[in-house]
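So the structure is just underneath, and the comments pick up after that.
Numbered from 1 within each chain, the chains take letters A, B, ... in sequence-line order.
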2 protein chains.
Amino acid sequence: MPDRVPRAEPEALPRWRRRKDARPQEIVAAAMDIFAERGFAAAKLEEVAARAGVSKGTLYLYFPSKDELFKAVIRAAILPNLEQAEALAAAAAGPCFPVLERLLRMVAHLVATTRAATIPRLVIAEAGNFPDLAAFYHREVIRRGFGVLASLLQRGIASGEFRPVAVDSTVRLIVAPLLMSAVWRTSFDGLDGEPPLDVPALVETHIDNLRRVLLRDAGETTP
Amino acid sequence: MPDRVPRAEPEALPRWRRRKDARPQEIVAAAMDIFAERGFAAAKLEEVAARAGVSKGTLYLYFPSKDELFKAVIRAAILPNLEQAEALAAAAAGPCFPVLERLLRMVAHLVATTRAATIPRLVIAEAGNFPDLAAFYHREVIRRGFGVLASLLQRGIASGEFRPVAVDSTVRLIVAPLLMSAVWRTSFDGLDGEPPLDVPALVETHIDNLRRVLLRDAGETTP
DNA sequence: TCTTCATAACTGACCAGTCAGTTATTAACA
DNA sequence: TGTTAATAACTGACTGGTCAGTTATGAAGA
């Protein structure tokens with residue numbers, strides 16, 4: 001029987017392409033999705049590979065282990081935002097409170113709208129099992145983030161704009177609601193039929209409160 | 001050879017005893033330890049059994065699955081404290097702020113000193129994989145805890161003691177630092193050589209801030 | 001004696017990580 | 001401008017280990 005069957009069109013698309021430099025980002029993006037959905041332990045690399053349009057073996061051409069892939073995901077999601085925040089705080093002159101406001105609204109926006117909001121949850125969940133990951137996150141993210149706020153507070157106190165508050169405790173009190181919002185959105189939001197967490201409202205209330213707490217003139221009616 | 005060898009002393013401890021009613025608590029306590037150390041996914045039931053001084057099969061005489069054991073752990077750690085908080089809030093008459101102070105110090109003490117502090121971390125970590133666990137926790141713990149604070153705030157606002165704050169946002173802003181402390185202590189504390197989180201100092205600052213935020217007379221110099 | 005509580009050896013599913021082989025791409029040469 | 005040899009990117013079946021859950025057996029207690 002001669003080969004008369006019209007062979008599926010001339011094109012013959014290749015089964016795959018070599019794309020050495022696009023792969024890592026694509027894999028990291030896919031891994032971010034899967035880790036966010038399942039958590040680290042329950043995430044299957046087969047699934048990450050499928051989402052990235054690649055085979056499991058390929059993951060191991062670019063990342064030596066599941067752990068290292070996890071770290072790459074965290075780096076990719078956090079570091080750009082952290083650098084932006086540092087730049088914002090460093091560039092500003094004049095009164096500190098408006099800078100603080102801008103920082104809080106920026107983070108709130110990230111928390112409310114981006115996938116990066118799942119990172120804290122993932123790190124919290126796995127900190128016990130990956131001490132070096134916890135140390136990395138503590139050193140590269142938390143310490144730096146706290147540093148930005150702490151120096152802003154110190155500047156405000158020195159200039160007389162702020163009351164002389166306890167800096168370390170206050171930094172934590174500023175950050176906690178944002179962190180909790182990030183965790184909440186990715187753990188409990190949309191349960192039962194509760195209304196979803198209103199991040200903007202929370203942040204505006206938080207900023208109002210901080211005005212009362214930090215500024216020397218108690219906020220509502222300056223004399 | 002007749003059986004003349006003096007058999008290892010009269011005692012002959014039984015290899016095991018039947019202790020139907022003591023077992024469940026012992027197993028739950030052991031599971032709490034292991035889950036706290038490893039997280040849910042990485043915790044091995046073999047290890048839980050060993051810590052409880054029992055075999056793995058025995059776990060299944062009392063709990064149908066790892067999931068159900070997890071839920072039992074959460075119930076045992078949280079519900080008594082929650083009931084205590086509800087009682088404290090319900091019994092109090094007179095001004096609301098002192099009640100709020102007592103509640104916060106009580107929770108802070110739990111966070112700083114008990115194993116129950118690891119529960120939020122565990123639930124946060126596994127919420128995605130166990131939607132029904134998340135729903136259970138949301139319904140039985142979070143909603144009830146929020147309810148206690150919300151009605152306290154409402155009473156304070158109604159009586160004129162508190163400013164008319166946004167209740168829902170404020171409840172979250174009150175809780176967030178405590179939650180973050182619990183998570184922090186069980187994820188990052190003792191890293192690098194940082195000093196450990198000073199929970200009492202944090203809570204006292206928090207209470208001072210809340211005084212400024214909630215009370216009508218701005219807190220520092222009562223007339 | 002018979003029932004209940006407990007054991008420990010066992011099973012089966014699952015999955016991170018490996019590797020022998022396949023295919024796209026490029027370089028060298030006609 | 002083809003043809004071919006060499007290489008680097010990629011695949012997917014396989015392995016070894018782990019662990020939740022099961023079960024055959026036996027000891028304790030009534």
Value in whole Å for how far the C1' atom of D:dG21 lies from CD of B:E68: 15 Å
Roughly, in whole Å, what's the span from CZ in A:R17 to C1' in C:dT26? 15 Å
Using a strict cut-off of less than 4.0 Å between a Lys/Arg side-chain nitrogen and an Asp/Glu carboxylate oxygen, indicate whether A:K71 and A:D67 qualify as a salt bridge. no
If each of A:S55 and A:E46 is mapped to the nucleotide of DNA chain D with the nearest heavy atom, which maps nearer the 5' terminus, i.e. the 5' end? A:S55
Between D:dT11, D:dG21, D:dC19, which nucleotide gets closest to the side-chain atoms of B:S65? D:dG21
d(A:R38 CZ, A:K44 NZ) to nearest 0.5 Å is 7.0 Å
Rounded to whole angstrom units, what separation is found between the CG atom of B:L59 and the C1' atom of D:dC19? 13 Å
When you measure only distances, ignoring hydrogens and angles, does the side chain of B:K66 come within 3.5 Å of the base of D:dG21 through a donor and an acceptor? no
In Å and rounded to the nearest 0.5 Å, what is the CG to CZ distance from B:D33 to B:R51? 4.5 Å
On DNA chain C, compare the nucleotides closest to A:L45 and B:V54; which residue's is nearer the 5' end? B:V54
Find the distance B:Y62:OH to D:dG21:C1' and express it as a whole number of Å. 18 Å
Roughly how many Å is it from CZ in A:F63 to P in D:dA9, rounded to a whole number? 15 Å
Any side-chain heavy atom of B:W184 within less than 4.5 Å of one from B:L202? no
Calculate the interatomic distance between A:L61 atom CG and C:dT18 atom P; express it in whole Å. 12 Å
Verify the contact: side-chain N or O of A:R19 to OP1 or OP2 of C:dA24, cut-off strictly under 4.0 Å; return yes or no. no
Over all strands shown, is A:A43 touching base, sugar-phosphate only, or nothing at heavy-atom distances under 4.0 angstrom? sugar-phosphate
If you compare every side-chain N and O of B:Y60 against the phosphate oxygens of C:dT7 (OP1, OP2), does one of them come in below 4.0 Å? no
Take the angle between the ring planes of B:F70 and B:F40 and call it parallel below 30°, perpendicular above 60°, tilted in between. tilted
To the nearest Å, how far apart are A:I27 CD1 and D:dC10 C1'? 11 Å
Assess whether one donor atom and one acceptor atom, taken from the side chain of B:K56 and the base of D:dA20, lie less than 3.5 Å apart. yes
Rounded to whole angstrom units, what separation is found between the CD atom of A:E26 and the P atom of D:dA9? 15 Å
